[in-house]
*Asks:* 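Have a look at the structure that comes next, please.
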Amino acid sequence: MIIVAVICVILIFTIRLFHLQIVDNEYKNKAESIAFLKKTLNPERGVIYDRNDNLLVYNQSTYDVMLIMHEVQPFDTLDFCHTLGITKDFFDKRIVDIKNRELNPGYSSYTPQIFMTQLSTHESGVFQEKLYKFPGFYIQSRSSRNYMYPNAALLLGDIGQVSRRDIEEDNYYVSGDFSGQSGVERRYEKMLRGEKGIEILLRDAQGRIKGKYEEGIHDKAAVSGNNLKLTIDIQLQAYGEKLMQNKLGSIVMIEPETGEILCMVTSPSYNPDNLVGRQRGENFTMLKNDPLKPFIDRSVMSMMYSPGSTFKLAQALVFLQEGAITPNKMFTCAHGYTLPGMNGRPGCHGHESPLNLMSAIATSCNSYFSWGLHEMLDNRRRYLTIQEGYNAWKGYMHSLGFGTQLGVDLPSESTGYIPNSQFYDRLHRGRWNSSSVISIAIGQGEIAATPLQICNMAALIANRGYYYPPHVVKQIEGGQLDSLYTTKKNTAIDSEHFNTVADGMRYAVNYGTCTELYMSDMVVCGKTGTVENSRGKDHSACVAFAPFDKPQIAIAVFIENGGYGAENAIPVARLMLEQFFYGEIKPEGKWRENNVLYKVITPFNVY
């Protein structure tokens with residue numbers, strides 16, 4: 001028993017010594033804090049440029065108030081609060097939060113803690129004059145974000161304090177650090193943030209700083225983050241945001257040859273300067289509670305949009321590939337699509353009948369594409385069951401970029417929605433045919449797509465059958481762009497069918513629903529979309545690319561509650577194309593610009 005007791009005591013002492021020397025850093029931190037002051041050197045965050053080397057986001061010096069809790073001695077807290085412009089309640093809460101290990105993992109009273117962030121140069125100067133009155137506190141410099149333009153807020157993203165989850169997932173961060181919260185800032189956080197440095201200062205017996213420890217041999221310089229060059233043209237982006245003032249929706253423009261996004265407008269938006277500095281929290285809450293939801297990036301995150309008649313282009317490609325139609329195949333319209341057991345839905349506006357595919361695209365005939373869906377899904381010589389035919393249709397749509405993420409280098413990209421056959425099996429108890437899902441023929445019903453996906457469809461038609469994944473970063477200083485964005489994506493559709501659909505889009509501009517896109521010196525291809533909206537006025541949409549040969553740009557415009565596609569989306573697209581090709585709006589087009597600028601289209605006053 002004596003031997004067992006001795007062994008137990010030895011084990012207890014061994015375990016305790018291991019814990020004190022290896023696991024618990026408290027005594028190590030205490031010893032080091034007596035002899036040294038370790039100051040973190042925060043790196044300069046990488047700056048951001050547009051495609052034309054215009055500076056978009058840069059850094060400005062700001063300062064943090066730091067404290068080492070065990071060095072704090074009694075002082076005049078009212079004078080302290082008055083100097084920093086804070087309340088006593090705020091002071092008390094910060095002290096409690098700093099000591100709370102749940103909110104501040106890894107807290108030690110012997111290591112520096114952040115008390116307050118983002119002091120201006122003036123505020124820091126005032127505080128430093130009185131710093132001798134507040135033992136245990138000192139100033140640490142860092143940089144904050146500043147913006148050259150009041151545009152592209154959702155695309156660029158913002159910077160905010162890291163959460164507890166961030167700290168647990170990445171040991172680079174400590175409480176009080178900042179990281180990208182959205183947009184490019186979040187997606188490229190590890191490249192933008194750089195590497196922290198450290199400066200070790202030697203203390204004397206009274207705790208006074210005596211200079212660098214061993215002449216700075218153990219110091220580590222901070223490494224600045226990588227600069228980014230975006231694909232965005234900030235002038236084009238700003239003009240798009242100007243046109244979309246007092247409207248809800250999105251404009252996306254893609255260079256088909258590269259997949260580079262030249263503008264990604266979402267409206268409403270906000271000035272990125274609103275989320276900088278100590279007013280960030282107040283402004284964030286105000287924007288979050290805005291009923292028009294300016295934090296929703298409608299270009300990539302929206303699940304509310306059916307693509308409407310713009311989806312007919314994708315349908316035409318699939319039906320041609322499947323042999324359900326040919327370019328010269330004629331279908332009757334008679335103002336609607338009717339099969340036995342149906343009530344003449346979906347309806348259609350008046351135009352020539354019967355008509356071929358080119359005329360169907362130009363006039364946006366609902367009946368034609370409904371017949372096309374019927375010919376594909378209900379053809380039992382090709383597919384034994386409706387489920388088999390529908391799954392083939394869905395596979396084509398995935399290859400065209402619908403119902404899946406395109407891989408854009410922004411967080412929170414939506415997949416849109418293309419239901420699977422099991423969805424309709426449950427909905428119709430296993431007994432259904434093309435008439436049961438006929439709304440999907442014209443981009444309605446359960447179909448949902450983002451403006452980015454719709455614009456990407458225009459880009460792949462412009463390329464006659466392939467696309468590069470859309471992206472907003474063109475170049476990374478000292479780094480390499482993800483190979484995903486330089487890899488061509490081919491679809492399951494033969495290129496000859498894209499020529500047929502492009503001809504139809506050209507016909508739509510010359511003689512159909514897109515005549516306002518016509519330009520005398522350039523062949524433009526387009527397609528309108530009117531999206532039924534059960535909660536108000538229909539949404540207005542369109543897609544286009546230009547020129548017909550060797551296309552330079554593809555565009556998608558979506559305006560909530562905007563009515564017919566030709567009513568509001570087409571005028572915006574025309575102005576954006578003029579701005580892209582000519583750098584200005586020609587005098588003869590100023591009337592169109594004025595009409596768009598003065599029009600207010602929101603859910604509160606669409607009529």
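Residues take their numbers from the sequence shown, with the count starting at 1.
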*Asks:* For residues Tyr270 and Leu154, determine if any side-chain heavy atom of one lies less than 4.5 Å from a side-chain heavy atom of the other.
*Replies:*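 Of all side-chain heavy-atom pairs linking Leu154 with Tyr270, at least one is under 4.5 Å.
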*Asks:* Just by distance, with hydrogens left out, do Ser250 and Ser299 show a side-chain donor and acceptor under 3.5 Å apart?
*Replies:*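 There is such a pair (donor and acceptor under 3.5 Å, judged by atom type) between the side chains of Ser250 and Ser299.
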*Asks:* Tell me if the aromatic rings of Phe311 and Phe402 count as close, with their centers under 6.0 Å from one another.
*Replies:*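 Judged by ring-centre distance (under 6.0 Å), Phe311 and Phe402 do meet the cut-off.
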*Asks:* Side-chain donor-acceptor pair under 3.5 Å between Glu255 and Tyr468, yes or no?
*Replies:*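 The answer is no; no qualifying pair exists.
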*Asks:* Compute whether any side-chain donor of one residue and acceptor of the other, for Thr530 and Glu532, lie under 3.5 angstrom apart.
*Replies:*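 No, because no side-chain N or O of Thr530 sits under 3.5 Å from a partner of the opposite role on Glu532.
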*Asks:* Would you tell me whether Asn151 and Glu241 have side-chain atoms, one donor and one acceptor, within less than 3.5 Å of each other?
*Replies:*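 On atom types as modelled, these side chains qualify, holding a pair under 3.5 Å.
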*Asks:* Looking at Gly277, is its backbone amide N or carbonyl O close enough to the side chain of Gln118 to form a donor-acceptor pair, meaning the two atoms are under 3.5 Å apart?
*Replies:*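 Checking the backbone N and O of Gly277 against the side chain of Gln118, a donor-acceptor pair under 3.5 Å is found.
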*Asks:* Applying side-chain hydrogen bond (donor to acceptor under 3.5 Å, both in side chains), name anything that partners Tyr467, two or more places apart in sequence or on another chain.
*Replies:*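 Partners of Tyr467 by the side-chain hydrogen bond (donor to acceptor under 3.5 Å, both in side chains) criterion come out as none, since no residue qualifies.
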*Asks:* What is the minimum heavy-atom distance between Thr266 and Ser269, and which atoms define it?
*Replies:*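 For Thr266 and Ser269, the tightest heavy-atom pair comes out as O-CB, 3.6 Å.
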*Asks:* Between Gln453 (side chain only) and Thr415 (backbone N and O only), is there a donor and an acceptor less than 3.5 Å apart?
*Replies:*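 Yes, the answer is positive, given that a donor and an acceptor are paired below the 3.5 Å cut-off.
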*Asks:* Between Glu260 and Lys474, is the salt bridge (Lys or Arg N to Asp or Glu O under 4.0 Å) condition met? List the steps.
*Replies:* CA-CA 7 Å; Glu260 294 178 0; Lys474 185 180 182 73; 3.0 Å; yes
*Asks:* For a salt bridge (charged side-chain N to carboxylate O under 4.0 Å, His left out) with Asp170, tell me which candidate from Arg193, Arg165, Arg164 qualifies.
*Replies:*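 The option that passes is Arg193.
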*Asks:* At their closest point, which heavy atom of Ala546 faces which heavy atom of Met522, and how far apart are they?
*Replies:*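 Residues Ala546 and Met522, closest heavy atoms: CB-SD, 3.9 Å.
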*Asks:* Hey, which of Val596, Asn568, Val600 is the one that makes side chain to side chain contact (heavy atoms under 4.5 Å, CB included) with Lys247?
*Replies:*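 Among Val596, Asn568, Val600, the one that satisfies the side chain to side chain contact (heavy atoms under 4.5 Å, CB included) with Lys247 is Val596.
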*Asks:* Do the charged groups of Arg142 and Asp64 touch, with an N to O distance under 4.0 Å?
*Replies:*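 Salt bridge: yes.
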*Asks:* Between Tyr239 and Glu593, is any side-chain donor less than 3.5 angstrom from a side-chain acceptor?
*Replies:*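 A pair is found: one side chain offers a donor N or O, the other an acceptor, under 3.5 Å apart.
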*Asks:* Compare every heavy atom of Thr491 with every heavy atom of Ser399, then report the nearest pair and how far apart it is.
*Replies:*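 Minimum heavy-atom separation between Ser399 and Thr491: O-CG2, 3.5 Å.
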*Asks:* Is it true that the NZ or CZ of Arg298 lies under 6.0 Å from the centre of Phe558's six-membered ring and within 45 degrees of the ring axis?
*Replies:*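 Pair Arg298/Phe558 does not count as cation-pi.
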*Asks:* In terms of ring plane angle, is the pair Phe115 and Phe91 parallel, tilted or perpendicular, where the classes change at 30° and 60°?
*Replies:*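 Tilted: the ring planes of Phe115 and Phe91 meet at 30° to 60°.
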*Asks:* Would Tyr147 and Asn271 count as having a side-chain donor-acceptor pair, cut-off 3.5 Å?
*Replies:*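 Per modelled atom types, Tyr147 and Asn271 side chains form no pair under 3.5 Å.
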*Asks:* Looking at Arg145 and Asp158, would you say the former's side chain and the latter's main chain have a donor-acceptor pair under 3.5 Å?
*Replies:*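 Between the backbone of Asp158 and the side chain of Arg145 there is no qualifying donor-acceptor contact (under 3.5 Å).
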*Asks:* Any donor and acceptor pair, going by atom type alone, linking the side chain of Glu413 with main-chain N or O of Gly407 inside 3.5 Å?
*Replies:*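 Answer holds: yes.
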*Asks:* Does Arg574 qualify as a cation-pi partner of Phe581, given the criterion of NZ or CZ under 6.0 Å from the six-membered ring centre and within 45 degrees of its axis?
*Replies:*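 Cation-pi check for Arg574 and Phe581: fails.
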*Asks:* Quick one: does Lys489's side chain have a donor or acceptor within less than 3.5 Å of a partner on Leu406's backbone?
*Replies:*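 Absent.
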*Asks:* Is it the case that Lys196 places NZ or CZ above or below the six-membered ring of Tyr172, under 6.0 angstrom from the centre and within 45 degrees of the axis?
*Replies:*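 Yes, a cation-pi geometry.
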